[in-house]
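To start, the structure under review is shown below, and the notes come after it.
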Amino acid sequence: MSFQTPLTINQVITDIHAKKYLLPSIQREFVWSQEQIKTLFDSLMRDYPINAFLFWKVPKEKAADFKFYEFLRDYHKKDNRHNPKANISGSDDVMAVLDGQQRLTSLYIALKGTYADKLPYKRWDNPQAYPKKKLYLDLLSKPEDEDLAYAFEFLTDTEAKANDDNHHWFPVGKILDLKEQDEVNDYLLESCLLANPDKEKSRFANRALFKLHKVIHVNPIISYYLEQSAELDKVLNIFIRVNSGGTTLSYSDLLLSFATAQWENRDAREEINDFVDEVNEIGHGFNINKDIVLKACLVLCDMEDITFKVDNFNRTNMLKIESEWDNITKAIRDALNLISSFGFSRENITSNNLIIPIAYYLKTIGLPNNYEISTSRIEDRKKIKRWFVSSLLKRVFSFAPDGVLKPVRDIIKKYGASGFPTEKIIERFKGTNRTLQFTEDDINNLLYSKYGQGDTLVILSILYPWADLRHNFHVDHMFPKSEFTPKRLAAKGVPQGKINDFIGDCNYIGNLQLLENIPNIEKKAMDFDKWLREKVPTKVSVKKKPPTNGTELMR
């Protein structure tokens with residue numbers, strides 16, 4: 001491994017765009033946030049070091065032995081997170097990035113592409129929740145954050161047009177077109193930035209744009225080492241040694257790098273990524289990640305040790321997982337279909353580890369087709385749902401999940417032939433901090449579940465066992481939330497001293513019910529008494545007395 005002559009950012013971005021730089025399959029995917037990219041560019045502008053890179057030169061005659069991927073250009077949090085597979089049929093050697101992928105991808109996206117992150121408070125499956133944004137630099141103002149010297153922001157095209165006397169948003173990627181200093185000066189003149197009445201702003205714009213030009217086109221910032229070994233084991237060990245100390249590389253990514261290197265007939269990276277994308281679309285959507293899939297592989301393949309450590313992903317185990325891959329994926333897929341039929345999704349599952357025992361059970365009984373709708377499996381499904389809901393509410397997987405997964409697996413292995421062994425599992429954990437038995441205090445605590453919490457829908461599903469939650473049910477306020485204002489409560493006769501209590505109790509489960517989406521929309525803010533009389537008419541008309549103390553409101 002040797003140190004090479006440093007390169008400019010423009011040189012490297014040009015070569016990435018020409019697909020001269022690729023990513024080996026052992027690399028993890030892009031994970032940097034917009035804030036990290038902005039900080040990277042601020043560091044560059046302030047001449048802060050951004051550390052060296054490590055490239056791997058693979059001779060063209062050896063390149064076909066490995067798998068490579070292209071860099072992401074347009075990142076989309078939901079629809080475009082995976083790197084496209086590279087075509088290496090050319091006659092050139094391959095230059096792969098072993099260390100520095102996050103930084104180089106960030107530079108490439110900022111200078112050539114877009115970043116579509118999810119907006120807060122919008123549903124994950126709403127296309128409008130992911131606006132495409134480009135990186136801009138404000139040439140007239142400094143950022144509000146005192147830790148930063150330059151105001152880099154990811155903006156939509158509409159947001160970037162909001163220029164005024166205090167803001168001029170320069171598209172950072174445009175600096176690639178301003179190759180010479182006179183072109184930079186022409187832009188400043190044509191944009192009237194040098195004619196700003198505020199001379200300090202003019203000077204700042206001049207310094208900022210010329211500095212950006214220098215960072216991209218002049219300074220050889222990309223310092224790198226070059227590894228030329230064609231031995232995958234050596235390269236893999238270098239990759240792990242270099243990356244394991246970083247904060248952006250998850251342990252599952254390291255483990256996936258082993259799988260990628262050791263599977264013989266499948267591309268582990270593509271198989272696992274495609275499977276994760278597929279199952280997350282089941283029902284109302286799930287949030288399964290690579291960690292859960294890899295953990296499930298260890299459990300479903302009956303590995304003695306199921307802890308997340310490199311030794312458990314040795315070649316022998318990885319080949320066993322590869323041979324069992326079709327059964328593993330069917331078991332997880334069927335488990336999620338079953339859980340979805342119970343009405344659960346990413347919105348109300350607090351631990352994805354709950355899925356693994358169900359998948360293991362389905363694999364144990366031979367992966368029957370259509371398990372979630374089979375009439376012969378009704379009672380078995382009830383047992384699974386009881387265990388699932390109890391485990392969810394008791395938070396038995398909230399810490400050290402291996403302490404639950406192994407004994408539950410052992411119980412299923414021993415008793416699963418007679419149906420899902422819910423009672424055996426309850427008996428096994430009785431008296432421990434993983435108990436599935438509910439005390440009176442546990443039940444009282446459930447009454448404090450509130451609107452918007454994941455557990456609330458779980459509890460309501462128990463209170464409304466007839467509700468088929470595969471349909472679109474809403475959690476509805478029986479007494480409309482709009483009625484819980486001091487003025488309206490006083491008008492209904494609530495004593496002044498209890499008004500705050502009523503407002504505080506509005507969102508608790510005692511005032512919540514399940515309604516299908518259309519009836520809920522029709523109900524809107526209708527008075528509860530009126531809605532109840534319409535939905536549950538009585539044969540005898542009873543004249544309603546006006547409330548005198550407000551207790552009728554929450555009866």
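Residues Ile37 and Phe154 meet the side-chain proximity criterion, which asks for heavy atoms closer than 4.5 Å. Taking the side chain as every heavy atom from C-beta outward, Ile321 and Met303 approach each other to under 4.5 Å. Using a 4.5 Å heavy-atom cutoff, the side chains of Ile384 and Arg377 are not in contact. Residues Leu405 and Phe397 meet the side-chain proximity criterion, which asks for heavy atoms closer than 4.5 Å. Side-chain contact between Glu264 and Arg315 is present, with at least one heavy-atom pair separated by less than 4.5 Å. Side chains of Val31 and Gln102 form a contact here, defined as non-hydrogen atoms less than 4.5 Å apart. Using a 4.5 Å cut-off on side-chain heavy atoms (C-beta onward), Met95 and Leu226 make contact. Looking at heavy atoms from C-beta onward, Val58 lies in side-chain contact with Phe68 at the 4.5 angstrom threshold.
Applying the side-chain hydrogen bond (donor to acceptor under 3.5 Å, both in side chains) rule to Lys19 yields the partners Glu70; only residues at least two apart in sequence or on another chain are considered. In this structure Tyr224 satisfies the side-chain hydrogen bond (donor to acceptor under 3.5 Å, both in side chains) test with no other residue, sequence neighbours excluded. Residues passing the side-chain hydrogen bond (donor to acceptor under 3.5 Å, both in side chains) test with Tyr130: none are found, sequence neighbours excluded. Qualifying ring-ring contact (aromatic ring centres under 6.0 Å, His included) partners for Tyr371, counting only residues two or more places apart in sequence or in other chains: none. Among residues two or more places apart in sequence or in another chain, the ring-ring contact (aromatic ring centres under 6.0 Å, His included) test is passed with Tyr75 by Phe30, Tyr115. Considering only residues two or more places apart in sequence or on other chains, Tyr21 meets the ring-ring contact (aromatic ring centres under 6.0 Å, His included) condition with Phe55. Residues satisfying the ring-ring contact (aromatic ring centres under 6.0 Å, His included) test with Phe438, not counting sequence neighbours, are none. The salt bridge (Lys or Arg N to Asp or Glu O under 4.0 Å) search around Lys414 returns none, not counting sequence neighbours. With sequence neighbours excluded, no residue forms a side-chain hydrogen bond (donor to acceptor under 3.5 Å, both in side chains) with Ser390. Considering only residues two or more places apart in sequence or on other chains, Asp277 meets the salt bridge (Lys or Arg N to Asp or Glu O under 4.0 Å) condition with Arg81.
At a cut-off of 3.5 Å, with distance as the only test, a side-chain donor of Asn369 or Lys330 sits close to an acceptor on the other residue. For the residue pair Asp305 / Thr307, a side-chain donor-acceptor distance below 3.5 Å is found, with atom types taken as modelled.
Between Ile332 atom CD1 and Glu278 atom CD the span is 10.5 Å, to the nearest 0.5 Å. Going from atom CH2 of Trp124 over to atom NZ of Lys118 covers 11.0 Å, rounded to the nearest 0.5 Å. Distance check: Leu298 CG to Asp402 CG gives 9.0 Å after rounding to the nearest 0.5 Å. Rounded to the nearest 0.5 angstrom, Ile292 CD1 and Cys297 SG are separated by 11.0 Å. Expressed to the nearest 0.5 Å, how far CG of Asn289 lies from CD1 of Ile272 amounts to 11.5 Å. Taking CD1 of Ile288 as the start and CG of Asn352 as the end, the distance is 4.0 Å to the nearest 0.5 Å.
The minimum heavy-atom distance linking Asn317 with Asn312 is given by the pair ND2-O, 2.9 Å. For Gly283 against Ser340, the heavy-atom pair with the smallest separation is CA-OG, 3.3 Å. Scanning both residues, Val396 and Arg434, for their nearest heavy atoms gives O-NH1, 2.7 Å. A pairwise comparison of heavy atoms in Phe71 and Pro84 identifies O-CD, 4.5 Å as the closest pair. Closest approach of Trp325 to Arg266, counting heavy atoms only: CD1-NH1, 3.5 Å. Of all heavy-atom pairs between Pro59 and Asp93, the closest is CA-OD1, 3.5 Å.
The main-chain N or O of Glu270 is never found under 3.5 Å from a side-chain atom of Asn273 such that the two would form a donor-acceptor pair. The main-chain N or O of Cys301 is found under 3.5 Å from a side-chain atom of Lys320 such that the two form a donor-acceptor pair. Checked by atom type and distance alone, the side chain of Ser374 never pairs as donor or acceptor with a backbone atom of Asn370 at under 3.5 Å.
In this structure, Lys132 does not pair ionically with Asp157, as no charged nitrogen and carboxylate oxygen lie closer than 4.0 Å.
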For this session: For side chain to side chain contact (heavy atoms under 4.5 Å, CB included), just list the numbers for Leu107 and Leu40, CA-CA rounded to whole Å, side-chain angles, deciding distance to a tenth of an Å, and then say yes or no.
Result: CA-CA 9 Å; Leu107 292 170; Leu40 172 64; 4.1 Å; yes

Problem set entry | Derivation and outcome, side-chain hydrogen bond (donor to acceptor under 3.5 Å, both in side chains), residues Arg269 and Asn83 | CA-CA 10 Å; Arg269 175 178 173 135; Asn83 302 77; 3.1 Å; yes

For this session: Check the pair Thr350, Ser398 against side chain to side chain contact (heavy atoms under 4.5 Å, CB included), reporting the backbone distance first and the verdict last.
Result: CA-CA 8 Å; Thr350 54; Ser398 61; over 6 Å; no

Problem set entry | Evaluation steps, side chain to side chain contact (heavy atoms under 4.5 Å, CB included), between Tyr108 and Val12 | CA-CA 9 Å; Tyr108 189 51; Val12 174; over 6 Å; no

For this session: Could you please spell out the steps behind the side chain to side chain contact (heavy atoms under 4.5 Å, CB included) verdict for Leu512 and Tyr451?
Result: CA-CA 8 Å; Leu512 303 177; Tyr451 183 84; 4.0 Å; yes

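Each salt bridge (charged side-chain N to carboxylate O under 4.0 Å, His left out) pair with one or both residues in residues 32-41, not counting sequence neighbours, appears once here: Glu35-Lys38, Lys38-Glu153.
Checking each of Arg386, Arg428, Lys383 against Glu423 for a side-chain hydrogen bond (donor to acceptor under 3.5 Å, both in side chains) leaves exactly one that passes, namely Arg386.
In this structure, Glu304 places its CD atom where only 12 or fewer heavy-atom neighbours from other residues, nucleotides or ligands lie under 6.0 Å away. Around the NZ atom of Lys413, the shell of radius 6.0 Å holds more than 12 heavy atoms that belong to other residues, nucleotides or ligands. Heavy-atom contacts from other residues, nucleotides or ligands closer than 6.0 Å to NZ of Lys424 number 12 or fewer.
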Kindly list each side-chain donor-acceptor pair under 3.5 angstrom involving residues 357-367, sequence neighbours excluded, with atom names and distances?
from: Tyr360; atom 1: OH; to: Asp302; atom 2: OD1; distance (Å): 2.7
from: Tyr361; atom 1: OH; to: Asp380; atom 2: OD1; distance (Å): 3.3
from: Tyr361; atom 1: OH; to: Asp380; atom 2: OD2; distance (Å): 2.5
from: Tyr361; atom 1: OH; to: Phe420; atom 2: N; distance (Å): 3.1
from: Lys363; atom 1: NZ; to: Leu300; atom 2: O; distance (Å): 3.2
from: Lys363; atom 1: NZ; to: Glu324; atom 2: OE1; distance (Å): 3.2
from: Thr364; atom 1: OG1; to: Tyr360; atom 2: O; distance (Å): 2.8

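Taking the six-membered ring for Trp and thresholds of 30 and 60 degrees, Phe342 and Phe388 have ring planes inclined between 30 and 60 degrees apart.
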